[in-house]
Amino acid sequence: MNKDMIKTIVLCLPLVLGGCGGGGDECDPVAKEYSVMQYQGQTLEYTSELRKGMADLSNKPVSANSQVEWKKMAIHLKADAQFYNVQIPTISLFPTANACSPSLGNARQTLTKISITSANDFNNQYPAGSELAGLFTALDSAFVSLTDMNDAGLHAPLDLKVFLREAPSEGVHNFQVTLKLSDAREFQFATGNLYLK
């Protein structure tokens with residue numbers, strides 16, 4: 001074979017394989033995106049003490065003015081989102097089968113800041129109104145604290161459960177969570193008064 005023929009084969013091979021359905025993502029040719037419209041918040045009490053990678057995820061909702069062990073309390077934020085299909089152009093001579101589960105996709109917005117404060121003194125070190133995001137971590141996240149999430153430029157989450165890593169003073173606490181997104185929208189949720197022990 002001469003060099004020109006080898007170059008032609010090398011340049012045409014990806015087109016031929018792609019035309020036969022051999023290139024691209026065969027699981028989901030239609031990409032998905034979502035836009036967060038609102039966040040709904042809920043306070044949860046788990047049956048086990050919270051930690052990353054825990055196996056028992058049994059929980060129940062907690063209403064304001066309840067008494068909860070701080071190691072079992074989580075704040076759950078769930079997005080109301082609008083989903084969009086984004087067509088990715090593909091070239092194929094043959095139809096491809098899509099046997100994979102559809103992906104939830106990525107958000108059009110990014111999380112620019114998550115903040116948590118309390119209307120009451122958290123402890124002697126954190127008086128009422130202090131930033132407490134560094135004392136919380138997300139249940140299903142690789143980040144140690146929520147402040148690490150602020151710097152990561154993450155897509156706006158569809159579902160976020162956060163829990164305390166440090167003991168508060170025993171007593172009444174009322175946490176307010178604020179999520180800010182890249183489209184300048186801001187969402188807030190307050191737990192109401194909770195007696196943490």
Checklist entry - Does a donor on one side chain sit under 3.5 Å from an acceptor on the other, for E131 and S115? => result yes
Strictly distance-based, threshold 3.5 Å: is any side-chain N or O of [X] a donor or acceptor partner for the main-chain N or O of [Y]?
X: N59; Y: L44; result: no
X: N150; Y: I114; result: yes
X: N123; Y: Q125; result: yes
X: E186; Y: Q188; result: no

Residues 64-72 side chain polar contacts: donor-acceptor under 3.5 Å, at least two apart:
from, atom 1, to, atom 2, distance (Å)
S66, OG, S63, O, 2.7
S66, OG, S63, OG, 3.4
K72, NZ, T47, O, 3.4

So do the side chains of [X] and [Y] get within less than 4.5 Å of each other, counting heavy atoms only?
X: L164; Y: F122; answer: yes
X: L181; Y: F187; answer: yes
X: V172; Y: L194; answer: no
X: L132; Y: S118; answer: yes
X: E49; Y: F163; answer: no
X: Y46; Y: D56; answer: no

Expected list for residues 137-144: side-chain donor-acceptor pairs under 3.5 angstrom, two or more places apart:
from, atom 1, to, atom 2, distance (Å)
T137, OG1, F143, O, 3.1
T137, OG1, V144, O, 2.7
S141, OG, F143, N, 3.1

Checklist outcome for this item: For residues 152-163, the side-chain hydrogen bond (donor to acceptor under 3.5 Å, both in side chains) pairs (sequence neighbours left out) are H76-D159, D159-K161
Item to check | Exercise: identify the closest heavy-atom pair between S145 and G134 | outcome: CB-O, 3.5 Å
Next on the checklist: Both conditions, 6.0 Å and 45 degrees, for the charged tip of R108 above the ring of Y84: are they met here?
Outcome noted: yes
Checklist entry - For A190, which residues count as a side-chain contact (heavy atoms from CB on, under 4.5 Å) partner, sequence neighbours excluded? => result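 If we apply the side-chain contact (heavy atoms from CB on, under 4.5 Å) test to A190, skipping adjacent residues, the hits are N174.
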Next on the checklist: Taking side-chain contact (heavy atoms from CB on, under 4.5 Å) as the definition, give me every residue that meets it alongside T112, ordered by chain and number, with sequence neighbours left out.
Outcome noted: T110, K180, S182
Checklist entry - Should we count CG of D80 as having more than 12 external heavy atoms under 6.0 Å? => result yes
Checklist entry - Considering residues at least two apart in sequence or located in another chain, which fulfil the side-chain hydrogen bond (donor to acceptor under 3.5 Å, both in side chains) criterion with D183? => result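 Partners of D183 by the side-chain hydrogen bond (donor to acceptor under 3.5 Å, both in side chains) criterion, ordered by chain and then number, come out as Q109, R185.
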Checklist entry - Which class fits the ring pair F136 and F175: parallel under 30°, tilted 30 to 60°, perpendicular over 60°? => result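 Rings of F136 and F175: perpendicular, over 60°.
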